[in-house]
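Everything below concerns the one structure shown next.
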Amino acid sequence: MQRQKVLINKERLKNDIEKFADFGRTAKNGVSRLSLSEEDISVRDYFCKCCEELGMTVKFDDMGTIYATLEGEQNKPPIVIGSHLDSVKKGGRFDGSLGVVAGLEVIKTLIENKIKPSIPITIVNFTNEEGARFEPSMMASGVLSGRFSKAEMLQKTDTSGVSFAEALQASGYYGSKENRLKEATAFLELHIEQGPILESESLSIGIVECVVGMVCYEIEVTGESDHAGTTPMSMRKDALFTATDLLSEIRQQVGIVDPDLVYTMGRVNVTPNIHTVIPNKVIFSFESRHKNPAVIQKVEDIIQRLPSSSMTSGCQVKTTKLWDRKTVFFDESVCQVLEESTKALGYPYRRIVSGAGHDAQFISSYIPSAMIFVPSANGKSHCEEEWTDYEECAKGANVLLETVMNILSK
């Protein structure tokens with residue numbers, strides 16, 4: 001098809017983002033929209049209504065994922081755009097929603113400019129990306145890609161004991177397995193960065209090369225409980241003191257492995273957790289992320305070399321690997337088109353990696369996929385303070401549109 005230069009409508013995109021945020025909007029302008037909740041069902045209904053009004057065909061599959069398709073001139077695998085509409089509790093109004101709403105804006109722009117796509121374009125809303133109500137996260141895309149078992153996912157329950165299967169059936173969005181996303185020319189996901197890098201470097205666009213690999217360990221330190229007032233320091237087997245020594249040692253060793261390595265000790269459980277009793281057990285988590293598997297292996301080597309006992313405190317140390325995730329690299333040819341589109345629009349950009357998981361990482365296992373990041377103010381996300389300037393949202397949507405146009409013209 002002949003190449004036509006078009007841009008999205010910034011004000012319309014802003015209004016649509018705010019309209020979608022009305023479904024589950026919190027008092028502080030965040031969003032609480034847990035998967036398959038009343039709020040999520042309402043925003044799904046609204047999304048479907050918007051798509052049908054544009055003349056799109058709407059279907060949903062057996063995991064409740066919604067597909068809205070604008071037919072093309074040729075019956076070929078579609079360009080798929082999308083993300084998710086569910087949120088964490090008291091989350092932000094850009095995480096996930098931006099990718100879906102920007103997809104709608106791309107379709108609106110094509111229609112108003114009387115551009116008939118040569119191949120279909122589909123907007124997708126994946127079910128339960130956040131995993132905030134039903135664990136794990138990225139549930140539907142995990143089933144689509146064969147990463148998760150559908151039978152196991154259906155049995156997952158929320159804190160009230162409601163199963164995913166029950167919630168899906170009650171939602172009215174339990175569809176056919178035949179409607180699953182099976183093939184596509186490309187999958188494109190626009191998302192906020194959820195980190196501070198783009199903003200700190202005054203950049204508008206991140207071309208996401210990969211979702212980084214990660215590994216998570218649990219370290220258990222066992223000592224002995226005694227009275228906090230009567231036991232001499234030299235005779236104590238204090239699990240907490242030993243654990244803090246280990247925390248410091250791990251930080252010193254891991255901190256010099258690679259400047260791009262990130263690591264977190266986010267969970268600490270102390271037993272018996274009474275101020276008059278010497279702790280007899282401490283369990284803490286250690287998680288690390290990097291795109292290079294060799295760097296992750298160096299981290300694992302450090303953790304696995306931790307002593308099984310402390311010579312100074314007499315405490316026992318047990319190290320258990322909980323899980324890991326390999327780095328997922330996105331399709332380089334699609335990344336190249338994203339980069340060409342960004343350059344054509346004149347937006348400042350960089351190649352970037354994602355430390356957070358996204359549906360695109362699972363979909364990329366069988367469809368050429370890539371992601372676009374736009375800046376997050378102060379790097380904040382998964383909170384009511386989450387903010388991305390609407391000008392930056394528009395730039396991301398324009399890169400999305402330009403990329404669709406480039407793919408259609410090839």
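Reckoned from all heavy atoms, side chains included, excluding hydrogens, waters and symmetry mates.
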| Test ring pair (Phe, Tyr, Trp, His ring centres under 6.0 Å) applied to Phe164 and Phe134, step by step | CA-CA 7 Å; Phe164 178 78; Phe134 303 101; 5.4 Å; yes
Between [Y] and [X], is the closest basic N to carboxylate O distance under 4.0 Å?
X	Y	result
Arg133	Asp158	yes
Lys90	Glu384	no
Glu218	Lys318	no
Lys177	Asp61	no
Glu402	Lys5	yes
Lys116	Glu71	no
Arg12	Glu105	yes
Lys281	Glu220	yes
Lys156	Glu166	no
Glu224	Lys237	yes

Minimum heavy-atom separation for [X] and [Y], please, with both atom names.
X	Y	result
Ala397	Leu13	CB-CD2, 3.9 Å
Ser288	Ile296	O-CD1, 3.9 Å
Ser141	Ile363	CB-CD1, 4.1 Å
Cys48	Val58	SG-CG1, 3.7 Å

Donor on one side chain, acceptor on other, [X] and [Y], under 3.5 Å:
X	Y	result
Ser376	Ser381	no
Ser37	Glu39	yes
His84	Asp359	no
Glu189	Ser83	yes
Glu73	Ser118	no
Ser341	Asn406	yes
Glu392	Ser204	yes
Glu183	Tyr366	no
Thr242	Ser313	yes

| field | Gap between atom SG of Cys210 and atom CD of Glu332 - 0.5 Å precision | value |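 Glu332 atom CD to Cys210 atom SG measures 11.0 Å (nearest 0.5 Å).
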| message | Return the CD1 to CG distance between Ile115 and Leu408, rounded to the nearest 0.5 Å. | response |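 So the gap between those two atoms works out to 9.0 Å.
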Do [X] and [Y] have side chains that approach each other closer than 4.5 Å (heavy atoms only, starting at C-beta)?
X	Y	value
Ile372	Leu338	yes
Val282	Phe241	no
Ile123	Ile107	yes
Tyr263	Arg289	no

| message | Does the structure place the NZ or CZ of Arg44 under 6.0 Å from the centre of the six-membered ring of Tyr173, at an angle of no more than 45° from the ring's axis? | response |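 Because its charged atom sits under 6.0 Å from the ring centre and within 45° of the axis, Arg44 does stack over Tyr173.
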| field | Row check, Tyr46 ring normal vs Lys19 NZ/CZ: under 6.0 Å, within 45° | value |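 Pair Lys19/Tyr46 counts as cation-pi.
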| Who passes salt bridge (Lys or Arg N to Asp or Glu O under 4.0 Å) against Arg25, sequence neighbours left out? |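 With sequence neighbours excluded, Arg25 shows a salt bridge (Lys or Arg N to Asp or Glu O under 4.0 Å) to Glu18, Asp22, given in chain and number order.
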Verify whether the ring centers belonging to [X] and [Y] lie closer than 6.0 Å.
X	Y	value
Tyr174	Phe60	no
Phe94	Tyr390	yes
His358	Phe330	no

| task | Kindly say whether Asp260 contributes a backbone atom to a donor-acceptor pair with the side chain of Asp258 at under 3.5 angstrom? | result |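 Here the side-chain-to-backbone pair exists.
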| said: Treating Arg33 as the side-chain partner and Leu85 as the backbone partner, does any N or O pair qualify as donor plus acceptor under 3.5 Å? | reply: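 Yes.
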| task | Any chance you could lay out the salt bridge (Lys or Arg N to Asp or Glu O under 4.0 Å) test for Glu201 and Arg351, step after step, and finish with the verdict? | result | CA-CA 12 Å; Glu201 297 181 7; Arg351 291 286 185 116; over 6 Å; no
| task | Might you work through the salt bridge (Lys or Arg N to Asp or Glu O under 4.0 Å) test for Glu385 and Lys28, ending with a clear yes or no? | result | CA-CA 8 Å; Glu385 294 80 17; Lys28 295 182 179 179; 5.7 Å; no
| Arg251/Glu249 under salt bridge (Lys or Arg N to Asp or Glu O under 4.0 Å): CA gap, chis, key distance, verdict | CA-CA 5 Å; Arg251 281 195 66 190; Glu249 179 65 22; over 6 Å; no
| request: Kindly state each residue pair satisfying ring pair (Phe, Tyr, Trp, His ring centres under 6.0 Å) with at least one member in residues 288-311, sequence neighbours excluded. | output: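 As it turns out, there is no ring pair (Phe, Tyr, Trp, His ring centres under 6.0 Å) pair with a partner in residues 288-311 once direct neighbours are skipped.
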